[in-house]
Amino acid sequence: MSYPVPARPLYESTNPAHTRTTQLTRRTRLAVLPLPRLWLLWALLLSASVLSLGLIAKKLPGFTIGEFSVDQELSRDHNSALTAVAMTLNYVFSPVGGVVIIAAVALYLLVMHKSPINAVAFGGVAAAGWLSSQLFKVLVERQRPNPALLFDPLAPETGSNSFPSGHVALAVGLAWAFFFLARNSRWARLAGVAGIAVPIIVAWSRLYIGVHYPSDVLASLLAASAMVILFAGVWNRYQGRILPRIPLLGRFGPVASPNNQR
């Protein structure tokens with residue numbers, strides 16, 4: 001007795017050339033990053049907004065006093081569960097944590113997925129968003145909230161500038177990097193939801209701990225996005241000329257995209 005052979009799914013290609021092209025496209029999907037029209041103007045406007053907010057916050061004492069009341073209220077109502085979450089995020093999105101996360105994902109894409117373009121793009125997007133905070137910290141030089149005035153200071157910090165938050169900038173940079181990597185895939189929705197939720201939770205944690213003002217964390221969302229847009233614009237224009245010239249990079253996988261699809 002013979003049994004009918006099930007039909008092969010329509011989406012499954014039997015053409016080896018088509019399969020290779022599909023694999024190549026996936027391994028070079030970040031060769032061209034999505035950008036808004038007039039991307040340079042968007043980057044400049046967002047940066048100008050961050051700088052203006054920082055100077056207002058620094059020059060107007062009443063503005064800072066009003067913001068500090070938020071930190072004080074959160075400090076008054078600490079509980080063990082929320083404190084555990086906030087302190088965990090404090091370490092995960094710290095400078096050491098940021099280096100580990102970015103390096104681990106980039107190496108995974110490079111070595112396991114054989115995707116040097118995706119690895120470099122992911123690392124560049126995440127780092128651009130993160131390091132934006134350092135640029136504006138130098139320009140604004142705003143002091144952190146005084147831990148002595150908090151009801152329950154969890155991680156007193158007084159030796160570095162407050163505006164904007166590096167932890168939140170890292171979270172935003174990673175959010176953009178993961179979203180770009182997941183776009184047009186089954187993971188895109190999850191990456192989008194996580195990309196909104198995680199930076200907001202990290203922003204809350206910085207206020208809960210009492211090491212930033214509300215305007216610090218808001219500015220991080222704008223600053224990191226501005227630098228990601230700027231990086232994406234430069235990347236789209238120059239990566240095709242630069243990556244093929246990097247020694248040994250091509251040994252891990254393709255350093256040129258088969259097309260320019262976004």
Side-chain angles (χ1 to χ4, degrees), residues 11 13 15-47 98-135 169-192 194-195 222-262:
Y11 57 80
S13 174
N15 187 333
H18 179 269
T19 300
R20 287 194 296 271
T21 300
T22 301
Q23 292 175 345
L24 180 60
T25 300
R26 290 174 180 172
R27 293 161 68 186
T28 60
R29 67 187 308 154
L30 299 189
V32 179
L33 298 174
L35 274 174
R37 295 183 61 184
L38 304 176
W39 59 269
L40 184 57
L41 179 60
W42 274 106
L44 292 175
L45 287 176
L46 288 172
S47 298
V99 171
V100 170
I101 294 171
I102 295 173
V105 176
L107 285 174
Y108 176 77
L109 293 171
L110 180 66
V111 177
M112 302 302 294
H113 277 220
K114 308 297 182 183
S115 306
I117 289 180
N118 292 348
V120 177
F122 179 93
V125 169
W130 182 18
L131 296 178
S132 67
S133 64
Q134 300 305 312
L135 170 63
L170 171 59
V172 174
L174 286 170
W176 279 117
F178 277 113
F179 178 74
F180 289 160
L181 191 63
R183 80 188 195 280
N184 299 327
S185 75
R186 61 177 178 172
W187 303 106
R189 179 172 296 182
L190 176 61
L222 304 177
S225 295
M227 291 303 106
V228 167
I229 291 173
L230 182 61
F231 174 84
V234 174
W235 169 266
N236 288 353
R237 179 165 296 187
Y238 295 108
Q239 67 83 15
R241 307 176 195 175
I242 297 175
L243 293 191
R245 300 180 181 180
I246 299 178
L248 304 179
L249 192 61
R251 294 189 178 185
F252 289 94
V255 291
S257 174
N259 53 56
N260 290 324
Q261 292 179 356
R262 292 182 181 233

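A quick note: this is a predicted structure, and the numbers were derived from the prediction, not measured. Reckoned from all heavy atoms, side chains included, excluding hydrogens, waters and symmetry mates.
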Calculate, to the nearest 0.5 Å, the distance between atoms CG and CG belonging to Leu45 and Leu38 respectively.
9.5 Å
Sub-3.5 Å donor-acceptor pair from the side chain of Ser133 to the main-chain atoms of Trp130, do we have one?
yes
Compute the ring centroids of Phe180 and Phe122, then answer whether they are less than 6.0 Å apart.
no
Please evaluate residues Phe231 and Asn236 with respect to the criterion side chain to side chain contact (heavy atoms under 4.5 Å, CB included), reporting the C-alpha separation (whole Å), side-chain torsions for both, the decisive distance (0.1 Å), and the verdict.
CA-CA 9 Å; Phe231 174 84; Asn236 288 353; over 6 Å; no
With side chains defined as the heavy atoms from C-beta onward, is the minimum distance between Leu249 and Leu110 less than 4.5 Å?
yes
Just verifying a value: how many Å separate Met112 CE and Lys114 NZ, rounded to the nearest 0.5 Å?
8.0 Å
Keeping the roles fixed (side chain from Arg245, backbone from Arg241), state whether a donor-acceptor pair exists under 3.5 Å.
yes
Please check if the number of heavy atoms outside Trp39 that lie under 6.0 Å from its CH2 is greater than 12.
yes
Shortest non-hydrogen pair, Ala126 vs Leu174, comes out as CB-CD2, 3.8 Å
Distance-minimising heavy-atom pair for Pro116 and Val255
CG-CG1, 4.0 Å
Ignoring hydrogens, what is the shortest heavy-atom contact between Leu33 and Leu30? Give both atom names and the distance.
CD2-O, 3.8 Å
Of all heavy-atom pairs between Arg37 and Trp42, which one has the smallest distance, and what is that distance?
O-CD1, 3.3 Å
With rounding to the nearest 0.5 Å, note down the distance linking CE in Met227 to CG in Leu131.
10.5 Å
Got a second to check how far Ser47's OG is from Leu230's CG, nearest 0.5 Å?
7.5 Å
Here the pair of heavy atoms bringing Ala169 nearest to Ser132 is CB-OG, 4.2 Å
Just by modelled atom types, is the Ile229 backbone N or O under 3.5 Å from a matching donor or acceptor in the Trp176 side chain?
no
Heavy-atom side-chain contact between Phe252 and Leu109 under 4.5 Å
no
So do the side chains of Ser225 and Val172 get within less than 4.5 Å of each other, counting heavy atoms only?
yes
Has the side chain of Ser115 got a donor or acceptor atom that lies under 3.5 Å from a matching backbone atom of His113?
yes
Least distance between heavy atoms, Ile102 atom then Ala127 atom
CD1-N, 4.1 Å
Sub-3.5 Å donor-acceptor pair from the side chain of Arg29 to the main-chain atoms of Asn118, do we have one?
no
